[in-house]
Amino acid sequence: MVRTASTMLPLGTQAPDFSLPECDGGTVSLSDLAGKKALLVIFMCNHCPYVKHVADQLKSLSDEYLAKDVAVVAISSNDADKYPDDSPEAMSKEKADRGYAFPYLYDADQRVAQAYAAACTPDFYLFDADQKLVYRGQLDSSRPGSDIPVTGEDLRAALDAVLAGDAPSPQQRASLGCNIKWKPGNEPDYFNAAGAS
């Protein structure tokens, strides 16, 4: 894996459209998530140690904010041919084992990841009620092997601001994780094979 940081898509960006299969069946589109106070889009996967490190917090945070009229959706864009742990079947098992209440979608052709300029797992995008980007970056400062507890404080602060009708702080720190596992020829211009420092 390559240690990769968020691209930090410009604030104010309209949420790129998508319509993707859900790992348990059916299809979820961006329009299905409209009409909420906010929308949280998470690019993640099953096997990444950075995602595993925060998985319990993803469960608790998403449950808490789903109950506050926030739409939450996760998308895996990894090449499942090379990484079978990230296949839709494995995603369905992971969703059940973790108890995730949000849809977990599979981006097989990786176009949605490219549209969001998603770079790493996990990568977080928070949109307001108009689905305009107000936060992108880290869950919190904890990383695998660090002694910093996983609290979700950065993302929680952004969510709370949006729910209060305020803009999150513009001081936002990039998420850090494993690079999205691009299929050959799909590597976007922003992919840095050398990784983050």
Side-chain angles (χ1 to χ4, degrees), residues 1-34 36 39-52 54-55 58 62 71-98 100-127 131-133 135-139 174-196:
M1 70 96 178
V2 177
R3 191 170 181 258
T4 300
S6 301
T7 61
M8 304 302 276
L9 194 66
L11 296 174
T13 297
Q14 191 72 36
D17 197 15
F18 61 79
S19 184
L20 293 171
E22 213 280 336
C23 65
D24 290 334
T27 300
V28 175
S29 300
L30 180 65
S31 59
D32 298 327
L33 306 169
K36 300 290 187 178
L39 165 65
L40 175 61
V41 178
I42 308 166
F43 284 86
M44 56 183 264
C45 66
N46 296 341
H47 87 274
C48 171
Y50 288 83
V51 175
K52 289 180 177 180
V54 300
L58 289 181
S62 60
V72 180
V73 63
I75 299 172
S76 176
S77 302
N78 276 3
D79 180 354
D81 292 335
K82 287 189 177 177
Y83 297 86
D85 285 351
D86 294 331
S87 70
E89 295 78 18
M91 290 165 59
S92 180
K93 182 177 186 305
E94 177 77 358
K95 180 181 175 183
D97 289 349
R98 297 281 187 188
Y100 292 143
F102 50 76
Y104 194 5
L105 314 182
Y106 186 54
D107 176 26
D109 63 13
Q110 303 183 317
R111 289 181 184 171
V112 176
Q114 293 172 354
Y116 280 75
C120 59
T121 54
D123 217 348
F124 300 95
Y125 298 81
L126 178 62
F127 300 88
Q131 296 188 341
K132 292 197 182 312
L133 187 66
Y135 179 84
R136 70 284 190 256
Q138 67 179 12
L139 179 73
S175 187
L176 197 66
C178 302
N179 64 292
I180 287 176
K181 303 303 185 281
W182 302 104
K183 294 179 178 179
N186 278 4
E187 301 89 345
D189 292 342
Y190 58 80
F191 174 59
N192 177 9

Within the side chain of [X], is there an N or O that forms a donor-acceptor pair under 3.5 Å with the backbone of [Y]?
| X | Y | value |
| --- | --- | --- |
| Gln110 | Lys183 | yes |
| Asp86 | Asn46 | yes |
| Ser6 | Ser175 | yes |
| Lys82 | Ala80 | no |
| Tyr190 | Ala118 | yes |

Testing the basics here: between [X] and [Y], what is the closest heavy-atom pair and its distance to 0.1 Å?
| X | Y | answer |
| --- | --- | --- |
| Ala174 | Met8 | CA-SD, 3.6 Å |
| Val72 | Pro103 | O-CD, 3.2 Å |
| Cys120 | Ala5 | SG-C, 4.1 Å |
| Ala117 | Thr7 | O-OG1, 2.8 Å |
| Pro10 | Leu133 | O-CD2, 3.4 Å |

Can you tell me if Asp97 has over 12 outside heavy atoms packed within less than 6.0 Å of its CG?
yes
[atom1]-[atom2] distance between [X] and [Y], expressed to the nearest 0.5 angstrom:
| X | Y | atom1 | atom2 | value |
| --- | --- | --- | --- | --- |
| Asn186 | Asp109 | CG | CG | 7.5 Å |
| Phe127 | Leu11 | CZ | CG | 10.0 Å |
| Leu30 | Leu20 | CG | CG | 10.5 Å |
| Ser87 | Lys93 | OG | NZ | 11.5 Å |
| Leu176 | Arg3 | CG | CZ | 4.0 Å |
| Asn179 | Thr4 | CG | OG1 | 4.5 Å |

Quick one, [X] and [Y] - any side-chain contact, counting heavy atoms below 4.5 Å?
| X | Y | result |
| --- | --- | --- |
| Asp79 | Pro184 | yes |
| Phe18 | Asp107 | no |
| Leu33 | Phe102 | no |
| Arg136 | Tyr116 | no |
| Gln114 | Trp182 | yes |
| Ile42 | Val73 | no |
| Tyr50 | Thr121 | no |
| Tyr106 | Cys23 | no |

Check against side chain to side chain contact (heavy atoms under 4.5 Å, CB included), Asn78 and Asp85
CA-CA 10 Å; Asn78 276 3; Asp85 285 351; over 6 Å; no
Side chain to side chain contact (heavy atoms under 4.5 Å, CB included) between Tyr100 and Met44, intermediate numbers included:
CA-CA 13 Å; Tyr100 292 143; Met44 56 183 264; 3.7 Å; yes
With sequence neighbours left out, write down each residue that passes side chain to side chain contact (heavy atoms under 4.5 Å, CB included) with Asp24, or none if nothing qualifies.
Glu22, Ser92, Lys95
Please report the C-alpha distance between Val112 and Phe43 in whole Å, then the side-chain angles of each, then the deciding distance to 0.1 Å, and finally whether the side chain to side chain contact (heavy atoms under 4.5 Å, CB included) criterion is met.
CA-CA 10 Å; Val112 176; Phe43 284 86; 4.1 Å; yes
